[in-house]
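Fair warning: this is a prediction, and the values are worked out from it, not measured in the lab.
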Amino acid sequence: MAVFPAAEPRSFEHHVLDFLAYLEFERGLSRNTLEAYRSDLLQFGAFLGRRGTDVLAAEHADLAAFLSELAAGGPERPPVAAATLQRKAACLRSFYRHLRREGELHHDPTADLRAPRKSQKLPQVLSRGEVAKLLHAPRGTDPGALRDRALLELMYACGLRASEAIGLEVGDVDLEAGVLRARGKGSKERLVPIGREAVLATRVYLERGRPALVGLREEGRLILNRRGAGLTRQGLYKIVQRYARDVGLEGRMSPHTLRHTFATHLLAGGCDLRSLQEMLGHADIATTQIYTHLSAERLKDAYFRAHPRATAGS
């Protein structure tokens with residue numbers, strides 16, 4: 001009778017690649033999320049290697065020690081933020097659930113795994129006056145200025161993430177109907193209204209700015225760099241930071257600040273939470289509710305500045 005050799009155990013890298021393929025093709029997670037999970041798991045693999053432990057033999061204590069080491073930091077690296085620890089713990093839970101589904105494990109070492117609670121830090125938001133100064137900062141008729149004006153107007157008008165703004169295709173913007181199609185996390189699409197000023201700025205850019213940038217290239221992206229290719233995330237960041245410096249907002253904003261400002265201003269203007277959730281592309285309304293807390297904080301600030309008997313000694 002023929003004797004077949006036992007199958008060699010799969011490597012840690014094989015398990016990681018198999019898991020990432022599952023997330024990409026069956027769950028439809030974004031490239032950024034996949035890269036974050038890949039980085040988390042490689043870091044975890046290196047930790048297990050130092051402990052001489054295999055991924056399938058790891059126990060709850062090993063995983064807890066991994067998170068504790070990150071939280072504590074060390075001589076050459078600062079402690080990892082609570083929000084990042086939460087993501088790493090979620091990654092490990094998802095990874096080990098996948099190993100169980102694939103029949104690689106019969107127990108789940110992450111069943112009681114906990115990371116420090118994520119503090120709910122309120123996001124930085126601009127006032128209406130500050131937004132107006134920022135949006136008026138790109139001046140002139142240079143193609144780059146026309147692009148920057150359209151870009152900033154669209155990000156504030158539609159609450160776009162940085163990845164959504166640079167991922168826009170020309171066909172995603174319907175200026176006649178005044179709507180925009182944004183592709184959010186997990187390749188989910190949503191339609192968002194475009195305000196009048198953003199429509200005007202985008203129309204001018206499409207007529208006079210983009211043709212000069214794209215030249216003879218065939219390029220579907222809406223927002224282009226000086227070479228006529230799609231703008232990168234780094235390019236977007238530099239544009240936002242340049243105009244933030246110009247209007248005295250340096251250190252107070254990032255591309256995401258315009259998204260937070262969009263949400264806060266809509267809520268303050270009477271927009272209901274469900275509509276705001278849909279426009280932001282949040283899967284869970286609990287994520288959107290942070291803006292109700294932010295609006296409450298702004299109301300309290302206005303109250304204590306204005307009410308004659310709000311503070312002691314008034």
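The pair Arg208-Asp142 does not count as a salt bridge, with every side-chain nitrogen at least 4.0 angstrom from each carboxylate oxygen. Look at Glu24 and Arg31 and you find no salt bridge, because none of the NZ, NE, NH1 or NH2 atoms lies under 4.0 Å from a carboxylate O. The pair Lys133-Glu130 does not count as a salt bridge, with every side-chain nitrogen at least 4.0 angstrom from each carboxylate oxygen. A salt bridge does not link Glu250 to Arg242: none of the charged nitrogens lies less than 4.0 Å from a carboxylate oxygen. The pair Glu176-Arg203 counts as a salt bridge, with a side-chain nitrogen and a carboxylate oxygen less than 4.0 angstrom apart. In summary, Asp172 and Arg183 engage in a salt bridge, as defined by a charged side-chain N under 4.0 Å from a carboxylate O. Using a 4.0 Å cut-off between a side-chain N of Lys or Arg and a carboxylate O of Asp or Glu, Arg97 and Asp108 do not qualify as a salt bridge.
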Please test Glu219 against Val170 for side-chain contact (heavy atoms from CB on, under 4.5 Å), starting from the C-alpha separation and ending with a verdict. CA-CA 9 Å; Glu219 174 58 62; Val170 173; over 6 Å; no
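When every heavy atom of Ala244 is checked against every heavy atom of Leu134, the shortest pair comes out as N-CD1, 3.9 Å. Between Ala283 and Gln277, the shortest heavy-atom distance links the atoms O-NE2, 3.6 Å. The minimum heavy-atom distance linking Phe262 with Ala157 is given by the pair CE1-O, 3.2 Å. For His282 against Arg259, the heavy-atom pair with the smallest separation is NE2-NH2, 3.4 Å. The nearest pair of heavy atoms linking Pro143 to Gly209 is CB-O, 3.7 Å.
The backbone N or O of Leu224 lies less than 3.5 Å from a partner atom in the side chain of Arg147, making a donor-acceptor pair. A donor-acceptor pair under 3.5 Å is formed between the side chain of Thr232 and the backbone N or O of Gly235. Judged by distance alone, the side chain of Glu164 and the main-chain N or O of Arg161 form a donor-acceptor pair under 3.5 Å. A donor-acceptor pair under 3.5 Å is absent between the side-chain atoms of Thr33 and the main chain of Leu29, judged by distance alone. His98 contributes no side-chain N or O that, together with a main-chain N or O of Leu20, makes up a donor-acceptor pair within less than 3.5 Å. Checked by atom type and distance alone, the side chain of Ser94 never pairs as donor or acceptor with a backbone atom of Cys91 at under 3.5 Å. No donor-acceptor pair under 3.5 Å is formed between the side chain of Thr261 and the backbone N or O of Val125. Looking at Arg149, its side chain does come within 3.5 Å of a backbone N or O of Pro138 through a donor-acceptor pair. Distance alone, capped at 3.5 Å, is enough to place a donor-acceptor pair between the Thr202 side chain and the Ala198 backbone. No side-chain donor-acceptor contact under 3.5 Å links Glu59 to the backbone of Ala61.
Rounding to the nearest 0.5 Å gives a distance of 11.0 Å between CE of Met155 and CG of Leu135.
Figure legend: cation-pi geometry between Arg101 and Tyr96 absent, as NZ or CZ is not positioned both under 6.0 Å from the six-membered ring centre and within 45° of its axis.
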Run the side-chain donor-acceptor check on residues 66-73: report pairs under 3.5 Å with partners two or more places apart or on a different chain.
residue, atom, partner, partner atom, Å
Ser68, OG, Ala64, O, 2.9
Glu69, OE2, Arg50, NH2, 2.8

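No more than 12 heavy atoms of other residues, nucleotides or ligands sit less than 6.0 Å from atom NE2 of His136.
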